[in-house]
Amino acid sequence: MSLSHLAANTIVVLDFETTGLSPKQGDRAIEIGAVKLVDGQVVDRFSELMDPGFRVSGFIESYTGISNSMLAGAPACAEVMHRFADFIQGCNMLAHNASFDQKFLDAELAAISRDYQGSFVCSLLIGRRIYPNAPNHKLGTLVEYKGVQHDGVFHRALADAEMTAKLWLAMLADCDTKMTFKQMHTLSKTPKAKVPDYLSALT
DNA sequence: TGCCAGGCCCTCTTTAGGGCCTT
């Protein structure tokens, strides 16, 4: 399905918390958070913990604030991901460092034989192109750099998805509010040296 | 035994190496 066959004005901004960096190494999702934007307005939210079936490391407990006891009472990944697959039907998606979230989405949906049609755009890649003078391009840094309001919660899925959505809207405002998802997708893939001048040094 | 992510992107590049980002 091409981008044009999806709801052009609807984007799901998503963020996974996981047991590690690589589903190929056995890592699983432990939380999914997402906000659905229609014409730049939040119209729906998704936030669920999920039990990966094994204990997470102390590092992950500390990094995310998600404890093994919290996960012990959560539904299994398969149950949550079925609901999330329904949530993202017909939508394009956005994430910060999207390749990371996409590989976990692909792995978790493959495990339950579900699929999706949307494409991903990456706010990290866009940030590197349009804010070259930012101290770095971590989500938290760009949120501060752009003065995006936040509640101080980081590394929880819904909070990070909300911040990524606000960052996305700030990026759109800086580039051109009328830029389409497809145009932003193209920008994210444009070699940095070929990004138009008026977009390549925003602050 | 020893290793253990992977895509993007820059540069002292392309016959490569290393930092940045995500958990």
Side-chain angles (χ1 to χ4, degrees), chain A residues 11-35 46-68 70-71 74 77 80-81 84 88 93-111 119-146 148 150 153-168 170-171 184-196 199-202:
Chain A
I11 300 174
V12 170
V13 188
L14 65 93
D15 184 73
F16 277 104
E17 303 306 317
T18 70
T19 64
L21 294 173
S22 174
K24 286 184 178 177
Q25 299 294 317
D27 289 317
R28 299 295 303 271
I30 58 174
E31 187 179 45
I32 177 70
V35 297
F46 190 103
S47 178
E48 289 204 49
L49 292 168
M50 56 190 113
D51 183 355
F54 54 89
R55 291 181 64 81
V56 303
S57 68
F59 170 79
I60 292 298
E61 285 189 308
S62 175
Y63 187 82
T64 64
I66 299 169
S67 67
N68 280 292
M70 291 164 68
L71 295 174
C77 293
V80 173
M81 291 309 299
F84 192 65
I88 63 176
M93 285 161 284
L94 164 70
H96 199 71
N97 200 11
S99 63
F100 175 86
D101 294 281
Q102 184 172 10
K103 69 185 178 183
F104 274 93
L105 181 67
D106 290 352
E108 293 294 348
L109 291 186
S119 294
F120 271 85
V121 71
C122 176
S123 54
L124 167 65
L125 295 183
I126 293 173
R128 281 177 174 164
R129 282 161 177 76
I130 68 177
Y131 306 130
N133 297 320
N136 59 58
H137 299 89
K138 295 177 182 178
L139 176 60
T141 301
L142 289 180
V143 163
E144 295 290 344
Y145 187 70
K146 292 306 301 175
V148 170
H150 61 84
V153 177
F154 292 91
H155 304 308
R156 287 300 299 267
L158 182 59
D160 282 4
E162 299 260 17
M163 285 191 289
T164 303
K166 290 177 181 175
L167 178 62
W168 165 257
M171 288 172 160
M184 291 295 271
H185 186 270
T186 299
L187 173 61
S188 76
K189 303 290 186 182
T190 300
K192 288 184 72 173
K194 294 187 176 181
V195 173
L199 292 176
S200 65
L202 298 171

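Computed from heavy atoms alone, side chains included, the values below leave out hydrogens, waters and symmetry copies. We name chains A, B, ... by the order of the sequence lines, and we start the count at 1 in each one.
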- request: Using the C1' atoms only, state how far B/dG17 lies from B/dT13, rounded to an integer number of Å.
  value: 9 Å
message: Any base atoms under 4.0 Å from A/T64, or only sugar-phosphate, or nothing? Heavy atoms, all strands.
response: sugar-phosphate
message: Test of understanding: with side-chain hydrogen bond (donor to acceptor under 3.5 Å, both in side chains), list the residues that count as partners of A/D27, not counting sequence neighbours.
response: A/T19
message: Tell me every residue that passes salt bridge (Lys or Arg N to Asp or Glu O under 4.0 Å) with A/K146, counting only those two or more places apart in sequence or in another chain.
response: A/D174
statement: A/C77 and A/A29 have their tightest heavy-atom pair at SG-O, 3.4 Å
query: For A/N136, which contact category applies under a 4.0 Å heavy-atom criterion: base, sugar-phosphate, or nothing?
result: sugar-phosphate
task: Using a heavy-atom cut-off of under 4.0 Å over every strand shown, decide if A/F16 touches base, sugar-phosphate, or nothing.
output: sugar-phosphate
- request: Check every strand shown and say whether A/D15 touches a base, only sugar-phosphate, or nothing at a heavy-atom separation below 4.0 Å.
  value: sugar-phosphate
- request: Go through the structure and list residues passing salt bridge (Lys or Arg N to Asp or Glu O under 4.0 Å) with A/E17, not counting sequence neighbours.
  value: none
- prompt: Which residues within residues 155-164 of chain A lie with some heavy atom under 4.0 Å of an atom in DNA chain B?
  reply: A/H155, A/D160
- request: Using whole Å, report how far CZ of A/F154 lies from P of B/dT22.
  value: 11 Å
query: Do the side-chain N or O atoms of A/H137 get closer than 4.0 angstrom to the phosphate oxygens (OP1, OP2) of B/dC21?
result: yes
field: Separation of the C1' atoms in B/dC12 and B/dG18, to the nearest angstrom
entry: 12 Å
- request: Describe, in one word, how the ring planes of A/F16 and A/F104 are oriented to each other, choosing from parallel (under 30°), tilted (30 to 60°) and perpendicular (over 60°).
  value: tilted
message: Suppose you measure atom P in B/dT14 against the same atom in B/dG2; what distance do you get, rounded to whole Å?
response: 32 Å
- prompt: Looking at residues at least two apart in the chain, or sitting in another chain, which of them share a side-chain hydrogen bond (donor to acceptor under 3.5 Å, both in side chains) with A/S62?
  reply: none
Please list each protein N or O that sits under 3.5 Å from an N or O in nucleotides 4-8 of chain B, with the distance.
residue : atom : partner : partner atom : Å
B/dA5   : N3   : A/K103  : NZ           : 3.4

- prompt: B/dT22 C1' sits how many Å from A/M93 CE, rounded?
  reply: 17 Å
- prompt: Considering residues at least two apart in sequence or located in another chain, which fulfil the side chain to side chain contact (heavy atoms under 4.5 Å, CB included) criterion with A/A98?
  reply: A/A95, A/F120, A/C122
message: Within the 4.5 Å heavy-atom criterion, are A/D101 and A/D15 side-chain neighbours or not?
response: yes
task: Could you measure between the two P atoms, the one in B/dG6 and the one in B/dT1, and give it in whole Å?
output: 24 Å
task: Report the distance from atom CD of A/E61 to atom P of B/dT23, rounded to the nearest whole Å.
output: 17 Å
Nearest-angstrom distance from the residue atom CG of A/D101 to P of B/dT22: 10 Å
message: Please report the distance, rounded to the nearest Å, between CD1 in A/I126 and C1' in B/dC20.
response: 17 Å
Protein-nucleotide distance (A/L142, atom CG; B/dC21, atom P), rounded to Å: 8 Å
message: My understanding is that only residues two or more places apart in sequence, or in another chain, count here; which of them pass side-chain hydrogen bond (donor to acceptor under 3.5 Å, both in side chains) with A/S123?
response: A/H96
task: Please report, rounded to the nearest Å, how far the C1' atom of B/dC21 is from the CG atom of A/L167.
output: 14 Å
message: Measure OH/A/Y131 against P/B/dC21 and give the value in whole Å, please.
response: 15 Å
task: Any salt bridge (Lys or Arg N to Asp or Glu O under 4.0 Å) involving residues 119-139 of chain A? Give me the pairs, sequence neighbours left out, ordered by first then second residue.
output: none
message: Give me the distance, rounded to whole Å, that separates B/dC4 from B/dG19 when you measure between the P atoms they each carry.
response: 15 Å
